[in-house]
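Notes follow the structure.
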Amino acid sequence: NSFYGSAGVAYQNKIFLDFTGRNDWSSALTLPEDLKSFGNEDNSYFYSSVALSAIVSDMVKLPKAISFAKVRGSFAQVGNDTDPFTFTQSFNPSTPYGSSQVYGETDRLTNLNLKPEISSAWELGADVRFLNNRIGVDVTYYTSTTKNQILNIPLSLTSGYNSRSINAGKIKNWGWEAMLNFQTIKKKDFTWTTDINFSANRSEVIELRDGLTNFVMASRSVSVEARVGERMGDLYGIGFARVQNTDKNAPYYDATGQYVGQMVFDANGRPVRTTNRIKLGNYNPDWLMGISNSFNYKGVRLSFLFDIRSGGEIYSHTQTVGREGGIIIESLEGRADGYDLSKPGNGVVGQGVVFVNGVPSPNTKKVSAREWHTAWTGGRGIAEGVMYDASFVKLRELQIGYNIPDKVWGKLPFRGVAVSLVGRNLFVWDNVPHVDPENMSYSGGTALPGIEFMAIPSARSYGFNLSLKL
């Protein structure tokens with residue numbers, strides 16, 4: 001059940017103030033009667049919003065070049081509950097045994113103290129247009145905090161369960177969004193318009209519940225972890241051991257500093273792996289941008305859209321399997337003429353150092369290509385070597401069309417007839433070999449961004465559109 005109310009006030013159609021309020025009573029957060037004494041029921045939550053905007057161009061005299069100016073600010077809250085039947089250990093059907101249906105208890109451990117999550121957001125923005133609306137700029141800054149975020153965390157299988165829902169603590173998000181649109185050319189028979197969208201977002205884990213400092217949100221070769229003081233979306237996994245000069249009691253210490261940061265190899269010329277998971281990157285982009293252009297000449301239309309992503313990392317399991325199986329071009333390294341190490345071009349010498357009696361020296365051990373590529377991925381245990389920059393530029397859409405004049409149809413009832421050819425995902429310029437950097441994997445129905453797991457290649461698509469009015 002829900003109760004919702006809203007109110008608005010306007011002053012001379014220049015200043016606007018709007019309020020909303022809503023209270024939800026969630027059945028998903030309502031404890032069954034026989035479990036109320038075992039938990040704390042919190043199924044009612046209220047959230048509200050207030051927004052203030054003013055049309056500055058109607059209130060004061062602005063330079064002639066400014067056609068319109070509006071500023072706005074708002075505060076809003078959004079509440080959220082959990083999945084149905086979270087408080088009950090329901091039984092799900094499994095594979096039948098002969099003619100008998102088999103049921104098993106759900107693998108999620110019940111948490112009888114779940115609270116609703118509440119996100120509170122502040123937003124400031126401005127919409128300014130210039131030169132009789134030929135140029136428009138819309139800029140927004142926002143910051144939001146989510147308390148009691150409901151997340152499923154994995155549990156050890158020895159507990160008999162796979163996951164448990166918890167209220168995670170406090171997560172903060174902030175960022176910028178900007179839109180720029182302008183009519184570069186506006187003639188009687190020809191127009192050219194451009195639209196640019198830009199966004200940049202950051203998120204940080206402020207605190208977790210019950211004194212936790214981190215937990216694994218998802219895992220598949222690498223793990224997505226939330227750690228206090230770090231960004232949401234951080235990826236952790238096993239990496240390459242490297243020379244350091246900060247702790248003389250830790251492995252691979254170099255007092256001279258000559259080899260700091262270099263990879264460490266064992267006596268057989270194979271990379272040494274870290275003993276613990278290390279941060280390998282973050283799957284979130286530094287920023288996103290979309291650029292679209294549209295041209296119209298006497299009813300002939302041409303438009304194209306570029307999507308640009310800068311930053312963020314992705315783990316490629318296609319690269320892992322392909323290297324170990326010798327089925328991708330990267331596995332040609334070190335086997336110019338087979339596996340005979342006495343022949344030129346065969347074998348690989350890893351760039352790094354080897355420690356002998358605690359002293360580092362350049363690695364000179366050559367290993368065969370077959371051994372090298374398996375060692376590079378550590379038998380699917382080392383992730384650092386197959387992490388890639390997920391930046392890209394994509395020609396997301398290209399469209400050419402024609403608006404057929406109404407007079408062509410005479411007395412026929414067709415009007416506004418338009419035909420067009422459309423191509424989508426036509427080209428991509430990126431740094432990730434063999435796979436689409438936008439790919440993600442799934443585990444148990446959960447999306448795992450930043451983790452590519454033998455994904456099917458993305459496809460170009462072509463289409464024909466016909467629209468008309470009767």
Side-chain angles (χ1 to χ4, degrees), residues 1-24 45-80 118-146 172-202 287-296 301 303 305 403 406 415-416 418 467 469:
N1 297 319
S2 299
F3 176 81
Y4 175 81
S6 64
V9 179
Y11 176 71
Q12 295 184 347
N13 281 330
K14 299 176 182 178
I15 302 176
F16 304 87
L17 182 62
D18 297 288
F19 302 89
T20 68
R22 173 170 173 162
N23 199 94
D24 288 343
Y45 48 100
F46 176 80
Y47 47 101
S48 59
S49 71
V50 57
L52 176 65
S53 61
I55 302 177
V56 180
S57 55
D58 289 346
M59 299 169 62
V60 297
K61 185 174 179 61
L62 297 174
K64 186 177 180 180
I66 301 178
S67 312
F68 176 85
K70 178 181 178 181
V71 294
R72 61 184 182 272
S74 65
F75 170 78
Q77 291 181 311
V78 177
N80 189 34
I118 298 291
S119 295
S120 302
W122 292 91
E123 181 179 300
L124 295 173
D127 179 5
V128 184
R129 302 168 200 170
F130 304 89
L131 305 177
N132 293 323
N133 297 322
R134 290 282 297 272
I135 301 175
V137 180
D138 193 310
V139 179
T140 302
Y141 172 78
Y142 62 89
T143 179
S144 67
T145 302
T146 301
K172 182 180 179 180
N173 290 275
W174 68 96
W176 291 89
E177 294 178 349
M179 293 184 291
L180 172 65
N181 57 80
F182 49 92
Q183 294 179 326
T184 308
I185 298 176
K186 186 178 181 181
K187 300 292 185 179
K188 179 181 179 181
D189 294 328
F190 178 71
T191 60
W192 172 15
T193 60
T194 301
D195 293 283
I196 302 174
N197 296 323
F198 174 87
S199 65
N201 180 76
R202 297 293 183 270
W287 53 265
L288 299 170
M289 181 182 290
I291 303 176
S292 68
N293 283 273
S294 179
F295 305 87
N296 195 316
R301 294 175 288 106
S303 64
L305 169 65
N403 298 323
D406 291 341
R415 294 294 181 269
S467 63
K469 297 177 182 178

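As the structure is a prediction and not an experimental result, all values here were calculated from the model.
The structure places CZ of Arg22 at 11.5 Å from OG of Ser49, a figure rounded to the nearest 0.5 Å. For the atom pair CD of Gln183 and OG of Ser294, the computed distance is 10.5 Å after rounding to the nearest 0.5 Å. Going from atom CG of Asn133 over to atom CD1 of Ile66 covers 12.0 Å, rounded to the nearest 0.5 Å. To the nearest 0.5 Å, atom CH2 of residue Trp174 and atom CZ of residue Arg202 are 8.0 Å apart. Here Thr193 contributes atom OG1 and Asn293 contributes atom CG; the two are 7.5 Å apart, rounded to the nearest 0.5 Å. Note that OG1 of Thr191 is 11.0 Å distant from CZ of Arg301, once rounded to the nearest 0.5 Å.
Surrounding NZ of Lys14 are more than 12 heavy atoms belonging to other residues, nucleotides or ligands, all under 6.0 Å away. More than 12 heavy atoms of other residues, nucleotides or ligands shown are found within 6.0 angstrom of CG on Asp189. The number of heavy-atom neighbours closer than 6.0 Å to CH2 of Trp192, taken from other residues, nucleotides and ligands shown, is 12 or below. The number of heavy-atom neighbours closer than 6.0 Å to CZ of Phe3, taken from other residues, nucleotides and ligands shown, is 12 or below.
Residues Ser57 and Leu62 come closest through the heavy atom pair CA-CD1, 3.7 Å. Scanning both residues, Ile55 and Met59, for their nearest heavy atoms gives O-CG, 3.2 Å. Across all their heavy atoms, Ser67 and Asn132 have their closest contact at OG-N, 2.7 Å. Shortest non-hydrogen contact noted between Thr143 and Lys172 is OG1-CE, 3.7 Å.
If you check the side chains of Arg72 and Thr140, you find a donor sitting under 3.5 Å from an acceptor.
With sequence neighbours excluded, no residue satisfies ring-ring contact (aromatic ring centres under 6.0 Å, His included) with Phe16. Legend: residues meeting side chain to side chain donor-acceptor pair (under 3.5 Å) with Asn23, ordered by chain and number and at least two apart, are Ser44.
Of the residues Asp138, Ile196, Val139, Asp195, the one that meets the side-chain contact (heavy atoms from CB on, under 4.5 Å) test with Met179 is Asp138.
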Practice problem: Begin from the C-alpha positions of Ser120 and Gln77 and carry the test side chain to side chain donor-acceptor pair (under 3.5 Å) through to its verdict. | Solution: CA-CA 4 Å; Ser120 302; Gln77 291 181 311; 3.2 Å; yes
Practice problem: Decide side chain to side chain contact (heavy atoms under 4.5 Å, CB included) for Phe190 and Phe295; before the verdict, give the C-alpha distance in whole Å, the side-chain angles of both, and the deciding distance to 0.1 Å. | Solution: CA-CA 7 Å; Phe190 178 71; Phe295 305 87; 3.9 Å; yes
Quiz item: Step by step, would you call Asn201 with Tyr142 a side chain to side chain donor-acceptor pair (under 3.5 Å)?
Solution: CA-CA 9 Å; Asn201 180 76; Tyr142 62 89; 2.7 Å; yes
Exercise. Please step through side chain to side chain contact (heavy atoms under 4.5 Å, CB included) for the pair Phe130 and Val128, ending with a clear verdict.
Key: CA-CA 7 Å; Phe130 304 89; Val128 184; 3.4 Å; yes
Practice problem: Mind running side chain to side chain contact (heavy atoms under 4.5 Å, CB included) on Phe19 and Ser48 for me, showing each step along the way? | Solution: CA-CA 7 Å; Phe19 302 89; Ser48 59; over 6 Å; no
Practice problem: Under the side chain to side chain contact (heavy atoms under 4.5 Å, CB included) rule, what do Val50 and Leu17 come out as? Steps first, then yes or no, please. | Solution: CA-CA 7 Å; Val50 57; Leu17 182 62; 3.9 Å; yes
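No donor-acceptor pair closer than 3.5 Å links the side chain of Ser6 to the backbone N or O of Thr20.
The shortest distance between side-chain heavy atoms of Leu180 and Ile135 falls below 4.5 Å.
No salt bridge links Asp406 with Lys469; every basic N to acidic carboxylate O contact stays at or beyond 4.0 Å.
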